[in-house]
Amino acid sequence: MSDRMGGPKRQDPEAEVALDAKGLRALAHPVRVQLVELLRTYGPSTATRLAARLGITSGNASYHLRQLGAAGLVKEDTERGNARERWWSSAHKLTSFDDAELPTQEPEATMVYLRSVAAGYTLRTQRALDEFPAMPPEWRDALHLGNSLLRLTPEEAKALQEELNSLIARYRQDDPADTVKLPEGTGRVLLISQILPEPEAR
């Protein structure tokens, strides 16, 4: 899923949801994090189709979608749905987690949510590596795994995050609903950026 912790907000207020306590508790479940990610990545879908992707029952997927809907994180797509089948779509393109008080107010929900997001990133990385042998050479050359160990102050780390967000914003964003013809050779690319403080052992 698309998540942002700190940094500038998007100009379109409907494109981004800032987590409050209610939203955080609703997302504090690995399946729910994955459901939102699938809807944002591939567009509207049904509980049955989402369940098949995740390897869970459609009843389980329906339950979690209703919980996400109650928190305003997903919404029913009434234009696609019918009496037999409900379609769902993501209510926003991005989730931001900026409230500095939430980790103190909701410590358990915060940890479940963050671990679920991190697990999703790991899964996406493994999936890309599984597909690596079959990738065209130009896409194999584009794949990059790297890290840099820096020595920063907290203020410098936040400034780095803001610079990265500004740089990423210059590039074409993926939107499954976008019908504009893309340049030839365009493919979906997942950029995972992480700033991980490593406090030294005292």
Undergrad: Side chains of His92 and Glu16: closer than 4.5 Å at any heavy-atom pair?
TA: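 Not touching, per the 4.5 Å side-chain cut-off.
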Undergrad: So, do Glu37 and Arg124 sit near enough that their side-chain heavy atoms are less than 4.5 Å apart?
TA: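 Counting from C-beta outward, Glu37 and Arg124 do come under 4.5 Å.
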Undergrad: What I'd like to find out is whether the side chain of Glu198 reaches to under 4.5 Å of the side chain of Leu149, using heavy atoms alone.
TA: yes
Undergrad: Which heavy-atom pair separates Ser116 from Val112 by the least distance, and what is that distance?
TA: OG-O, 2.7 Å
Undergrad: Quick one: pull up CD in Glu163 and CD in Gln161 and give me the separation to the nearest 0.5 Å.
TA: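 Interatomic distance, Glu163 CD to Gln161 CD, rounded to 0.5 Å: 11.0 Å.
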Undergrad: Can you tell me how far NZ of Lys93 sits from CD of Gln173, rounded to the nearest 0.5 angstrom?
TA: 9.0 Å
Undergrad: Starting from Leu196, walk the hydrophobic network (Ile, Leu, Val, Met, Phe, Trp, Tyr; side-chain heavy atoms closer than 4.5 Å) and list everyone else you reach, by chain and number.
TA: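 None; Leu196 is a cluster of one.
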Undergrad: When you measure from the side chain of Thr186 to the backbone N and O of Pro183, does any donor-acceptor pair fall under 3.5 Å?
TA: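 Confirmed, Thr186 side chain pairs with Pro183 backbone.
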Undergrad: Apply the side chain to side chain contact (heavy atoms under 4.5 Å, CB included) test between Leu68 and each candidate in Leu35, Leu39, Val31; give the one that qualifies.
TA: Leu35
Undergrad: Give the C-alpha distance, both sets of side-chain angles, the deciding distance and a yes or no for salt bridge (charged side-chain N to carboxylate O under 4.0 Å, His left out) between Arg127 and Asp130.
TA: CA-CA 5 Å; Arg127 192 180 304 153; Asp130 290 342; over 6 Å; no
Undergrad: Write down the atom of Met135, the atom of Ala128, and the distance for their closest heavy-atom approach.
TA: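 Reported closest heavy-atom pair: CE-O, 3.4 Å.
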Undergrad: Does the Glu156 side chain pair with the main chain of Thr153, one donor and one acceptor, at a distance under 3.5 Å?
TA: yes
Undergrad: May I ask you to test the Val74-Val36 pair for a side-chain heavy-atom distance under 4.5 Å?
TA: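 Val74 reaches Val36 side chain to side chain.
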Undergrad: Hey, can you pull the donor-acceptor pairs under 3.5 Å for the side chains in residues 43-59, sequence neighbours left out?
TA:
{"from": "Thr46", "atom 1": "OG1", "to": "Arg49", "atom 2": "N", "distance (Å)": "3.2"}
{"from": "Thr57", "atom 1": "OG1", "to": "Asn60", "atom 2": "N", "distance (Å)": "3.0"}

Undergrad: Heavy atoms, side chains only, cut-off 4.5 Å: are Arg66 and Ser62 in contact?
TA: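 With C-beta onward as the side chain, the pair touches.
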Undergrad: Please tabulate, for the side chains in residues 100-110, all donor-acceptor contacts under 3.5 angstrom to protein atoms that are two or more places apart in sequence or on a different chain.
TA:
{"from": "Glu106", "atom 1": "OE2", "to": "Arg25", "atom 2": "NH1", "distance (Å)": "2.6"}
{"from": "Thr110", "atom 1": "OG1", "to": "Glu106", "atom 2": "O", "distance (Å)": "2.7"}

Undergrad: Side-chain contact, heavy-atom cut-off 4.5 Å: Trp88 with Lys75?
TA: no
Undergrad: Under 3.5 Å, side chain of Gln194 to main-chain N/O of Ile192, donor-acceptor pair present?
TA: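 Judged by distance alone, no pair lies under 3.5 Å.
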Undergrad: Within the 4.5 Å heavy-atom criterion, are Leu190 and Tyr121 side-chain neighbours or not?
TA: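 The answer is no; the side chains never approach within 4.5 Å.
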Undergrad: Which heavy atom of Ala71 sits nearest to which heavy atom of Lys22, and what is that distance?
TA: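 Smallest interatomic distance, heavy atoms only, reads CA-CE, 4.0 Å.
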Undergrad: Backbone N or O of Asp175 within a donor-acceptor pair of the Arg40 side chain at under 3.5 Å?
TA: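 A pair under 3.5 Å: no.
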Undergrad: If you group Ile, Leu, Val, Met, Phe, Trp and Tyr by side-chain heavy-atom gaps below 4.5 Å, do Leu145 and Phe132 land in one group?
TA: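 Linked, Leu145 and Phe132 end up in one cluster.
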Undergrad: Determine whether Leu24 and Met111 fall in the same hydrophobic cluster, where Ile, Leu, Val, Met, Phe, Trp and Tyr are linked whenever their side-chain heavy atoms lie under 4.5 Å apart.
TA: no
Undergrad: Within the structure provided, determine whether Tyr113 and Leu19 are in side-chain contact (heavy-atom separation under 4.5 Å).
TA: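 Answer yes - side chains close enough.
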Undergrad: Quick one: CG on Leu73 to CG on Leu65, what's the gap to the nearest 0.5 Å?
TA: 11.0 Å
